[in-house]
Amino acid sequence: MALIDLFFARRVLRGQLTVTHANGIVRTFGSPDPDFPTVAIRFTDRGAANFIVRNPGLGAAEAFMDGRLIVEGDDIKALVDLLTGNDPWEQGGDLLAPGIARRSVQAITHRIGRINMARASKRNVAHHYDLSDRLYDLFLDADRQYSCAYFTDPANSLEQAQADKKAHIAAKLAIEPGMRVLDIGCGWGGMALYLHAKTGAEVLGVTLSEEQLKVARRRAADAGVSDKVRFELIDYRAVTGTFDRIVSVGMFEHVGPAHYKAFFRQCCNLLADKGVMLLHTIGRMGTPGVTDDFTAKYIFPGGYNPALSEIVRGYEGLRMFPTDIEVLRLHYSWTIDAWYARTVAARDEIVAMYDLRFYRMWIFYLAGASAAFRNGSLCNYQLQFSRSRTALPVTRDYMLEGERGLRG
């Protein structure tokens, strides 16, 4: 029996996987289960299975991208869900965990690769965020919120959940009229424009993506608020001034552990005496780890999702109070499920825009990311900080009240 068959025999217990090898041998693993998908795959050449076994995470991705691994219906999400669902993180599972030797090498290259100096940071951001505007229009909501939505009900639409995310964050910021807000990693400007529209605050959004900057500035101009909502192409380390509020959504993943202390020190220096900050980031439950090879190579070079302990070490010693920490568990899996469905629906246009290999890379990325939040060790953290112990109410009631008002 091939090594990969032994792997599947151990992993697939619930749900069913049918594997057709390049030599025509067909094997079936698991048994039908209404809570798990039934999947059929096929290897197109004799070396594909061993190629995957040598480095499952990267090997499976590249074999799928290159057509060496064929998934019936091109539904890579069903395969990823089947494998990760049989081995969830909370039960000790870590489906694609490398061996000790490989993990040691990854740890070294991880530390080197996460040293994100300013020039490298801009290059890494451009790799992902300077792709075609049309690509993002095809799978994101109309406001282009490229971060975890907030589902008050799992049945809500992506548009509703993203609007509720902005309200959730704005309520935690407790912004008052006349305040100055800094948005670090402002994306296409949606959060900054929302905060101004709902509170009247003046907002400065900073980004390292030239394409995002163009869109954000155009949106502010179209809304007639360019004098109140400004966007700049600048590294957060170069920002000067004083701000009453700082918000950062989906940017901290690109900072790198070596720079966490510098990031929080800069935020602390930029905050007014009664300033408040809200940090929204992907994180990992449990201990620090490494970025998987596929993500580091194809999706987010230089990216890393921190453990909560690493974030805490970043702000320890600074005169800044951690005033609230929230853990969002399943919200991002639901968000990415919606992105995946929209990407699949736009298959032909994406293939015409790039090629089939890119399309398969993109759906592998989304399928893996969704599973990492549903069955793996990833979550989202929202951390609130203040320079003053009296700047915010002493109970969380104001968050709920403010959120209801914004949503209403």
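Below, all heavy atoms of this structure are taken into account, side chains as well, without hydrogens, waters or symmetry copies.
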Rounded to the nearest 0.5 Å, what separation is found between the CG atom of D164 and the CZ atom of F151?
-> 9.5 Å
Considering residues, nucleotides and ligands other than K261, do more than 12 of their heavy atoms fall under 6.0 Å from its NZ?
-> yes
Answer with yes or no after comparing the ring centroid distance for Y146 and W339 against a 6.0 Å cut-off, counting only values under it.
-> yes
Any donor-acceptor pair under 3.5 Å from Q384 side chain to K172 backbone = yes
Are D133 and K214 close enough for a salt bridge, meaning some N to O gap below 4.0 Å?
-> no
For atom CD of E72, decide whether the heavy atoms of other residues, nucleotides or ligands shown that lie under 6.0 angstrom number more than 12.
-> no
Could you give me the CA-CA distance, side-chain angles and deciding distance for S209 and T207, then say whether side chain to side chain donor-acceptor pair (under 3.5 Å) is met?
-> CA-CA 6 Å; S209 167; T207 179; 4.8 Å; no
So, for R230 and S226, which heavy atoms are closest and what is the spacing to 0.1 Å?
-> CG-O, 3.5 Å
Using a 4.5 Å cut-off on heavy atoms from C-beta on, say whether the side chain of Y354 contacts that of W362.
-> no
Measure from the side-chain N and O atoms of D153 to the backbone N and O of A155, and report whether any donor-acceptor pair falls under 3.5 Å.
-> yes
If we ignore angles and hydrogens, is there a donor and acceptor under 3.5 Å between the side chains of Q16 and T38?
-> no
The side-chain contact (heavy atoms from CB on, under 4.5 Å) partner of E403 among R407, E401, M399 is R407
For the residue pair Q145 and W188, establish whether any side-chain heavy-atom pair is separated by less than 4.5 Å.
-> no
What class does the angle between the rings of Y236 and F263 fall in, given that below 30° is parallel, 30 to 60° is tilted and above 60° is perpendicular?
-> perpendicular
Any donor and acceptor pair, going by atom type alone, linking the side chain of R387 with main-chain N or O of G275 inside 3.5 Å?
-> no
Grab the two heavy atoms, one from E310 and one from P257, that are nearest each other, plus how far apart they are.
-> OE2-CG, 4.2 Å
Can Y150 and C148 be said to form a side chain to side chain contact (heavy atoms under 4.5 Å, CB included), step by step?
-> CA-CA 7 Å; Y150 186 69; C148 177; over 6 Å; no
Reported OH-to-CG distance for the pair Y398 and L400, which is rounded to 0.5 angstrom | 10.0 Å
If we only count heavy atoms from C-beta on, is the I52 to F7 side-chain gap below 4.5 Å?
-> no
Do F43 and L69 touch side chain to side chain, with heavy atoms closer than 4.5 Å?
-> yes
Taking only Lys NZ, Arg NE, NH1 and NH2, and the carboxylate oxygens of Asp or Glu, determine whether R217 and E232 approach each other closer than 4.0 Å.
-> yes
Is there a side-chain contact between M191 and K165 (heavy atoms, below 4.5 Å)?
-> yes
Can you tell me how far the CD1 atom of I175 sits from the CG atom of L195, to the nearest 0.5 Å?
-> 4.5 Å
Apply side chain to side chain contact (heavy atoms under 4.5 Å, CB included) to I311 and Y381, showing your working.
-> CA-CA 10 Å; I311 301 174; Y381 294 119; 4.1 Å; yes
Nearest 0.5 Å, what's the CE-CG distance between M361 and D355?
-> 9.0 Å
Can you tell me how far CG of L383 sits from CD1 of I325, rounded to the nearest 0.5 angstrom?
-> 4.5 Å
List the steps and the verdict of side chain to side chain contact (heavy atoms under 4.5 Å, CB included) for D143 and K166.
-> CA-CA 11 Å; D143 196 42; K166 287 177 284 188; 2.7 Å; yes
Do F29 and N86 have side-chain heavy atoms sitting under 4.5 Å apart?
-> no
Taking all heavy atoms of L271 and all of T242, pick out the closest pair and write down the distance.
-> C-CG2, 4.3 Å
Can a salt bridge be assigned to the pair D235 and R237 using a cut-off of 4.0 Å between side-chain N and carboxylate O?
-> yes
Taking T343 for its side chain and I363 for its backbone only, find out whether a donor-acceptor pair lies under 3.5 Å.
-> no
Can a salt bridge be assigned to the pair K297 and D293 using a cut-off of 4.0 Å between side-chain N and carboxylate O?
-> no
Neighbour count above 12 (heavy atom, 6.0 Å) for D273 CG | no
For R245 and A174, indicate whether the former's side chain and the latter's backbone hold a donor-acceptor pair under 3.5 Å.
-> yes
Checking T295 side chain against D292 main chain: does a donor-acceptor pair fall under 3.5 Å?
-> no
Counting only heavy atoms not in R134, do more than 12 sit closer than 6.0 Å to its CZ atom?
-> yes
Worked verdict on Y332 versus I282 for side chain to side chain contact (heavy atoms under 4.5 Å, CB included) = CA-CA 9 Å; Y332 217 167; I282 296 172; 3.6 Å; yes
Output the distance between atom CG (L308) and atom CZ (R313), rounded to the nearest 0.5 Å.
-> 10.0 Å
Decide, yes or no, whether a salt bridge links R360 with D74 under the criterion of side-chain N to carboxylate O below 4.0 Å.
-> yes
Of all heavy-atom pairs linking R14 and L82, the shortest is O-CD1, 3.3 Å
State plainly whether the residues D87 and R10 are in salt-bridge range, i.e. N to O under 4.0 Å.
-> no
Lys/Arg N to Asp/Glu carboxylate O, K274 vs D244, below 4.0 Å = no
Work out which heavy atom in A171 is nearest to a heavy atom in L406; give both atom names and the distance.
-> N-CD1, 3.8 Å
Nearest heavy-atom contact between E253 and T281 is CD-OG1, 3.4 Å
What orientation do F364 and F64 show, parallel under 30°, tilted 30 to 60°, or perpendicular over 60°?
-> tilted
Is a side-chain donor or acceptor of T44 paired with a backbone partner of G67 at a separation under 3.5 angstrom?
-> yes
Side chain to side chain, K77 and V344, heavy atoms closer than 4.5 Å | no
Do the ring centers of F264 and F385 come within less than 6.0 Å of each other?
-> yes
Taking the six-membered ring of F8 (Phe, Tyr or Trp), confirm whether the NZ or CZ of R27 is under 6.0 Å from its centre and within 45° of its axis.
-> no
Compute the ring centroids of Y365 and F358, then answer whether they are less than 6.0 Å apart.
-> no
Could you list the residues that satisfy side-chain hydrogen bond (donor to acceptor under 3.5 Å, both in side chains) with T152, not counting sequence neighbours?
-> N156
Please answer whether the main-chain N or O of I184 pairs with a side-chain N or O of S248 as donor and acceptor at a distance below 3.5 Å.
-> yes
Are side-chain heavy atoms of L208 and H254 found at a separation under 4.5 Å?
-> no
